[in-house]
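Here the structure is a predicted model, which is why all the values come from computation and not from measurement.
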Amino acid sequence: MSSFAGLCSQSPACPTRSSRAFVWTLFLATLLAGALALAAPAAQAQISYDARYRPQADYRLVDTDRFEWIYPAGADTTTALFENALRRSFQSTRSVVGTDGADFELPVVVDPISGRANGFVTPVNFRSHLFPAHPTFSFGAKFDSWAQTVAPHELTHAMHFEIDSGVGLGGLLGLFSGDASRFVHGLAPRGWFEGIAVYRESHLEPEAGRLDAPLQVMKYRAALGSGDPWSVGEVMHGSVFERPSRRHYLGGGQLIEHMAQERGSTDFFRRATRWHHRLPFLGFGMALWMGTGQTPAQLSDSFLDEEKQEERRRLDSLRQAAEQGITDPTVVAGTEGLHVRRPYWLSDSTLVAYASGYATRPGFYRIDVHTGEREVISHQATTQGRTYALGPDTTALYFARQHPDLLVPDATTLKTHRLNLRTGETRLVSETSGAFTPARAPGGPVWAARRDGSFSELVTLGEERATLRAHRPGLRYKQVVPSPSGDTIAVLANAGGTQGLYRFDPSTSTLKPWLRFEGGSIYDVTWGPEGRYVLFAADPSGIANVYALDRRDGDVRRLTTVRYGALEPTLSPGRERVAFARYRHERFELATVPFRPDSPRPVADTERDWAPRGGVLTASADSAAGGRAGAERRVSGTDGASQNGLPSGRDAASLRAQSRPYEAWRHLFPRSATPVLRGAWDLLGTSVDGENLGLGPGLKVSGADPLGRWAYNARGFYQADRLWGDVSVETGLVPGTPSLTVFNGPVEAVRETGAGPSRLEAFELRGIGLGVDQRFLFQKNVYGTSLTAGLAGEYRQSRPITTSGKAEAGFTGRATLRSDLTFKYRVQKNIRDLVPNTGVRLNASAEVDVLTPTGATPSQYLKQRVDVFWPLLSGHNTGLRTSASFLTQSRRSFFDVQSFVPRGYRDLSGALPGAGNYLRLGTKITQPLWYIDTGSVMLPVAVDALYGYGLGQAQYRVGSGAGPTLGERRASVGGGLGLRLRPFGGMSLNLEIGVSYRIDARGENRWAPHLR
């Protein structure tokens, strides 16, 4: 392992001793300047902790050497799989990441609420969530189990968050809050920390991770071969408007591997991470230079040059090895950004396929094989593996999609549907949850796979329940396909990292191995007409290609030789052509080739009817009853032993014996203790004369338990010769996550006088508040429908005080109710839409005093807004929105001025609505001009898109008389340019600059610039 000093002695790009001294001087000067400039804002920067509603279950807790396991009762075996995977990979992951110290500890929540295969680590309330459900597509095909795939990847993220930087901004924050320090690590470009996790997962097992998986590598290779390969800036920042959307995983992993191979170790990751943690506001470029010894430009050039040369060598080798040359198919449909997946033949001239694209709404389409014209059948979401099936009579499709929980955020479950191809109508096939890849047998039931922990099982679906048909512990099913005669069910499944074909005989209830490759994986399967040929995609050559199995003689022949990947083949009714999905950069093309099963040489490296460990697979005794077997019978290996080397049953029993009930109160110790400095902003500007209360130093403590059942934030500070504070508590035990806040503190208010300058006055404000916030998710398909509602009540008392905190009068009380509703109806956006292309959004917010002091006028306001999104120009990603807003208020400025006053009038006090009723009408058109979709490693920002916009707005005062009279109009039209940005790669922000023509300027300059 080469050291940093040794590396520098060999590389002229490395900093010299004098340049490194300069860097240290620059670092210390910058740190000092930053400390002075950011002292007050940093003191105000605090982390708040929130509760999270989830279904109440019997959660158990087990402490191991490094991990605190929190899991629902009954998931002992799944938890044991995760525990084994983390334990086995701990030391090697630590050596890759370079985490300091031996006291690493991580709470891990085994979270069953999501039907999606996923995992994540959060730096705030530091913990990891692992979802047990395995993917419905072929991710991690060569890993023994889903636990082995996801757990070490997330452990890499957790260790990254624990790297200690020493002196610097992150280290300074760490003195007060470990979570705040970890949060700074999260400000690094996503390609950096996802890249190291992908690199780590790719060195767990040979050819198992994303850096070796053909279906993942093909996307990176296609980008290299496109003439526009990904730069370092692009792989560091995830793509928003360009496919593939997970560019930062693929490219980031390749970049990390490139640097590791050049340097002989991953020590650079720790060095660069520490530098960024010290000075995150300088961007990642300096940290990358100090960590790698190369400037970002040098690193990008060396990375791209080597990768492009390697890709050219690979393509030359592929062309030389191809017996019949590179396949040149007929492309039926293929444009930039368009994905056409899993075609099926309706006739020799018509296909049905699933399509989505930059300006194509996702759904099932009927496609003419000669012209490529598409006709939408139904806009539907489906599983990520697109494993739907055409019915035997070609009049219906069977598919599964995620159904969201009405109340629980991110909770989903898979359910199966039938789509009528003539009418486009869908209906549920079964109420069974967790079922996917449904397919109807001729004259028989609908077959499917059903989730069972981190594995799955073969079932047939009834309207109310599912019947277990084969008990085979340790399988991850990917596709279930009945033969045209219904006598055989072809099953694509993964057992211990080997993904191949099985066949199930319904008459004898036996599931037997059928076909697999010695050095590759099979990804999908279809039957040809009459059942003689079985077509599938596989990758024994390292590239997914189309193969055909002739059931008469058993020959397997390769039908394509493509550069990147060919998937999901299907044979036409006349057995003349094969349709498949071919991958090229930013697209899955629908392509066809003639079906010539006798021309290629038979494939030799296949295994037929191999004998799996454990013998023949027979139906379980409880299959007739349709009972779902419990998680405890599910073991993780083909021979009943864990793929991690220890008996799974013993591990599960040990966990169960050691577990105790999860008690939230034991986890509510403060997670952060951050300084408070009220009045710090006054140091940066001139304060209004009057009763200025000065600075208020103090402390804020916060915490939450890992499940989010309880969270609290408490603050205390000393100001105006008194101690003040507030406390808030929130619970996730019930929907709405109710919160209670008690407060007592000083406030400063500017009192405008009729004559003379304004004056600053001080008040004491105390009270209590209750609030609930709940999102209701009614539909999350291609279109989304949801309601977000919030209700808060507050009773507060106020009285004037002096700068020494003494009361100048008695308390006056006021009770207020506030509400906010946002309803979205059938809102939809395609990948490159900047605004939704269809749907309605309604927002209503209100506040009313229900109790006021004697003689005081109750304060009240109501603001309503409706936005309608029109799909007229959606084919060009043009956003067209019309809106109407209504405001009624008892006094000025209860509302967001910028959202109500027309552009160009913001600086005119006459345009600001006062007490009364107001109406605003508007329209805005947004046209993307350039999808930049890249980031800068020198500046902490990603730039996504440049767009132009035009708008027109008019604001009216509504008469309070008998009729709806309008008056005092303020209207403008305008346009300009907008830039969509992501500071630190986070949430998108729009920066718009333009000019407005003020129609009712009344004597002033009608043209006015605007910036927003």
Side-chain angles (χ1 to χ4, degrees), residues 690-691 693 713 715 724-730 736-754 758-774 787-801 807-823 842-866 885-901 909 912-920 955-961 968:
E691 295 173 325
L693 298 178
N713 297 276
R715 182 180 60 163
W724 313 86
D726 52 74
V727 177
S728 65
V729 179
E730 191 175 57
T737 56
S739 63
L740 170 66
T741 302
V742 179
F743 56 92
N744 182 25
V747 295
E748 298 171 337
V750 177
R751 178 65 60 90
E752 296 182 2
T753 60
S758 300
R759 177 177 173 79
L760 190 68
E761 296 184 357
F763 296 87
E764 177 182 356
L765 186 66
R766 67 183 185 184
I768 185 171
L770 294 169
V772 292
D773 288 281
Q774 179 65 52
L787 172 66
T788 303
L791 179 64
E794 180 181 87
Y795 177 74
R796 61 189 183 276
Q797 293 180 328
S798 64
R799 65 180 178 182
I801 59 175
E808 295 183 315
F811 280 108
T812 58
R814 186 183 297 268
T816 304
L817 286 177
R818 300 184 186 91
S819 66
D820 189 86
L821 298 173
T822 299
F823 179 64
L842 173 66
N843 175 262
S845 57
E847 178 180 300
V848 59
D849 283 347
V850 295
L851 177 65
T852 57
T854 304
T857 302
S859 296
Q860 60 185 19
Y861 85 93
L862 170 66
K863 180 185 175 184
Q864 302 173 81
R865 173 170 174 165
V866 58
S885 301
F886 178 75
L887 169 70
T888 179
Q889 60 184 4
S890 61
R891 55 192 178 94
R892 175 177 294 181
S893 299
F894 271 100
F895 62 93
D896 177 7
V897 174
Q898 291 190 351
S899 69
F900 202 86
V901 178
S909 59
L912 304 180
N917 304 324
Y918 297 88
L919 175 69
R920 196 193 77 166
Q955 171 193 311
Y956 301 87
R957 183 180 180 88
V958 181
S960 56
E968 298 182 20

Measure across Ser859 and Ser890 and return the closest heavy-atom pair with its distance rounded to 0.1 Å.
-> CA-OG, 3.3 Å
Can you tell me how far the CG atom of Leu740 sits from the CD1 atom of Ile768, to the nearest 0.5 Å?
-> 5.0 Å
Residue pair Ser728 / Phe743, side-chain heavy-atom distance below 4.5 Å = no
Do Lys863 and Gln889 come close enough that some side-chain heavy atom pair is under 4.5 Å?
-> no
Quick one: CZ on Phe886 to CZ on Arg920, what's the gap to the nearest 0.5 Å?
-> 14.5 Å
From CD1 (Ile801) to CD (Glu764), nearest 0.5 Å | 6.0 Å
Assess whether side chain to side chain contact (heavy atoms under 4.5 Å, CB included) is satisfied between Thr822 and Asp820, documenting all intermediate values.
-> CA-CA 7 Å; Thr822 299; Asp820 189 86; 3.8 Å; yes
Please report the closest heavy-atom contact between Arg715 and Asp726, naming both atoms and the distance.
-> NH2-OD2, 2.6 Å
Heavy atoms of Gly736 and Gln774 approach each other most closely as N-OE1, 2.6 Å
Shortest non-hydrogen contact between Trp724 and Gly745, atoms and distance | CE3-CA, 3.4 Å
In Å, rounded to the nearest 0.5 Å, how long is the span from OH of Tyr956 to CG of Asn917?
-> 16.0 Å
Rounding to 0.5 Å, atoms CZ (Phe763) and CD (Gln797) come to a distance of 14.5 Å
For Tyr795 and Gly813, which heavy atoms make the closest approach, and how far apart are they?
-> OH-CA, 3.8 Å
Looking at CZ of Arg766 and CZ of Arg799, how far apart are the two atoms once the value is rounded to the nearest 0.5 Å?
-> 6.5 Å
Give a yes or no on whether the backbone of Leu821 and the side-chain of Asn843 come within a donor-acceptor separation of less than 3.5 Å.
-> yes
Result of checking Glu847, Gln860, Arg796 against Thr816 for side chain to side chain donor-acceptor pair (under 3.5 Å) | Arg796
Search all heavy atoms of Gly916 against all heavy atoms of Arg957 and return the closest pair with its distance.
-> CA-NH2, 4.1 Å
